[in-house]
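All remarks here apply to the structure that follows.
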Amino acid sequence: MKFKFSSFEVDDGMLHSAAVITAATFSCLMSGFVLQNIWRKYIVRQRIKRRREESKLSIQKMGDYLMQHGLSVDKRNIILDMPMAELQRKLQNGSLKALDVLRAYQSKAIEVTKDLNCVVEPIWEAEEQAIACDFMTGKKSPLHGIPVSLKENYHVQGYDSTGGMAKFIDCPQPDDNVIVKTLKEQGAIPFMRTNLPQTMMVYESSNPIYGETRNPHDPKRGPGGSSSGEGCLIGAGGSVLGFGTDIGGSLRIPAHMCGVCCLKPTVGRISTEGTHEVHKGATLVPGATGPLSRDVDGLVLAMKSLLVSHMFELDRSVPPIPFRPEIYEDHRPLRIGYFHDIGYMPSVPACERGVREVREILEKNGHTLIEFKVPRVDKALELFAQCVFGDGCKTFTDALKYDVVDPSFKLTYFLIHQAPEWLKRVAGFFYRTVGHDPIPKKVLVAAAGIKSVSKWWGVVEDLQAYRKKFEMEMRANKLDAIISPGFAYAAIPLGKAFLTVGAVAYTNLYNVINYPAGSLPVTKVTEEDEKLLENYPTKTLYAKNIKKLSKGSVGLPINVQFVAPPYQEELVLRLMKEVETSIKLGERHS
Ligand SMILES: CCCCCCCC/C=C\CCCCCCCC(=O)NCCO
């Protein structure tokens, strides 16, 4: 048979060979594609392995170095026991040398990371800086000689900021970020980089490059995340002051689970330039940078030292508002709202007691405490998901293409990031019917992406409306501040956060409204709390999981959050300091 085209004729033989050629080309392309995939994945695995070995080696080298140059155990422990105010005073008046303080903290950090895996690598330039500090004459800067640890996603010149993702290995940063520069200018010595979960969008603590960080109070449990290494290192005594980031609770969750203090400032109060987040463009609910410390003095010192012209010059988007001591030192009695239950899942009895005890302290100090009802928490969660996953999670899946997905991240990655919309809807249906919980469906549908610009603008308007509603609710009760649980529960076993992830409402609420929120350790889980856990209401799937995973948590730290309207960081810190002081006085008397 012949086909006649306008310019040439085609016979059967030609047709046949055309088919063969097409098939051959197709299978070549396919196998090329498959091979390329296998090859890329192989390269990535090699890269991860090499980076992990480099990191381990650097830590080991520091350990060996300290064997020869370390302090005596007694001298080391005296330094490690000092609260921030004393450490700062002694560095200022010269009775402590910066190099000794550095060596004390280096050795403690290297010691604790052996079991807890909180350090990613030491910052070797610290030594030189400490020596320079000790040679300095004249007026000393406020952070003179204070060692500072940094979450791995803080850009430090010459080091990678991977966020636990292989794609970003071998991309050494050209420069320190604004906070690191300002800290150095103020005399601080960045000395350790700390671990985080892959992508930082979970409150776990593991990634394929650096492995898993454990809780300093119970190594079978997680330290929370995503500033996991910071919470763990400070909680274990290996650092006095550290810095992390927080979009949904990543400073406050590890602070709560490791029993340390932190402050998530209003986004904009201090610079957020130069931290690695894959979804930097999602600015509606933006990431905050902030300090973690052993005590409130550490947070205050950090904020005072950062809110200076040096930072305002380096990042002109930051409003030049210095630290306002008149607010921090004020004694005016306040009206403070409180809640134990955010209206989605109740907090466990220990967390509820934490808030109750802080309430009693504040009342005793002359403040008025009023019960506060959080408006529409389902809306807050939906808005959060729309704002951070509004691209249908493409940013995250692109960042992890060819990467090894960490076991602790697999479920989140599969269901929230990767699954097609229909599967998200099916899963949402399951949560609603079997789990008696309508909220995951809203979150999952949001994570399937916003479909048009006009829908996107609708989200912007909804967010503004929610923020206004929250503001009006506070105004109606004439509230100056709010206290609420540090989180819904204490530390749970490693790798289980996905089973309780709705609990993130307790922290990400304050990201959605962009209010400054601090977290303060106030108590520990008691036998009595554990007994009361038996009556914990388990209406939803998440609540059931919380109850199950919270068993055996006696002795774990419990924090309370302190919250104030935007740009009132000083007020948050004032209340935290007041409660911290009362707790210490109480302990001394009992
Ligand atoms: C299966 C559906 C679940 C629905 C219910 C819960 C919604 C939670 C959504 C998403 C979970 C996000 C967890 C965020 C953790 C903190 C992240 C952070 O702060 N990272 C800072 C980086 O700098």
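Side chains are part of it too, since the values below use all heavy atoms of this structure and drop only hydrogens, waters and symmetry mates. Order of listing sets the numbers, starting from 1, for every ligand and every atom in it.
Around NZ of K373, the count of heavy atoms belonging to other residues, nucleotides or ligands within 6.0 Å does not exceed 12.
When heavy-atom distances to ligand 1 are checked against a 4.0 Å cut-off, F430 has no atom that comes that close, whether in backbone or side chain. At a heavy-atom distance under 4.0 Å, atoms from both the backbone and the side chain of M201 approach ligand 1.
Taking every heavy atom of E277 and a limit of under 4.0 angstrom, the matching atoms of ligand 1 come to 22 (C), 23 (O). Listed by number with element, the atoms of ligand 1 under 4.0 angstrom from any heavy atom of F389 are 10 (C).
At least one donor-acceptor pair closer than 3.5 Å links the side chain of T194 to the backbone N or O of L150. With H436 contributing its side chain and K539 its backbone, the two residues share no donor-acceptor pair below 3.5 Å.
The shortest N/O to N/O separation between T245 and ligand 1 falls below 3.5 Å. Considering backbone and side-chain atoms alike, I253 places every N or O at 3.5 Å or more from each N or O of ligand 1. At least one N/O-N/O distance between I247 and ligand 1 falls below 3.5 Å. In terms of polar-atom proximity, M200 is counted as a contact of ligand 1, with an N or O under 3.5 Å from an N or O of the ligand.
Checked by atom type, the side-chain pair N153/S161 shows no donor-acceptor distance below 3.5 Å.
In this structure, Y489 has its ring center closer than 6.0 angstrom to the ring center of F487.
Relative ring orientation between Y431 and Y542 is described as tilted, the plane-to-plane angle lying within the 30° to 60° band.
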Steps toward side chain to side chain donor-acceptor pair (under 3.5 Å) verdict (Y515, Q568): CA-CA 8 Å; Y515 278 32; Q568 298 297 324; over 6 Å; no
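When P286, S250, A447 are checked for heavy-atom proximity to atom 16 (C) of ligand 1, S250 turns out nearest. Comparing V443, V285, D437, V278 against atom 7 (C) of ligand 1, the shortest heavy-atom distance belongs to V443.
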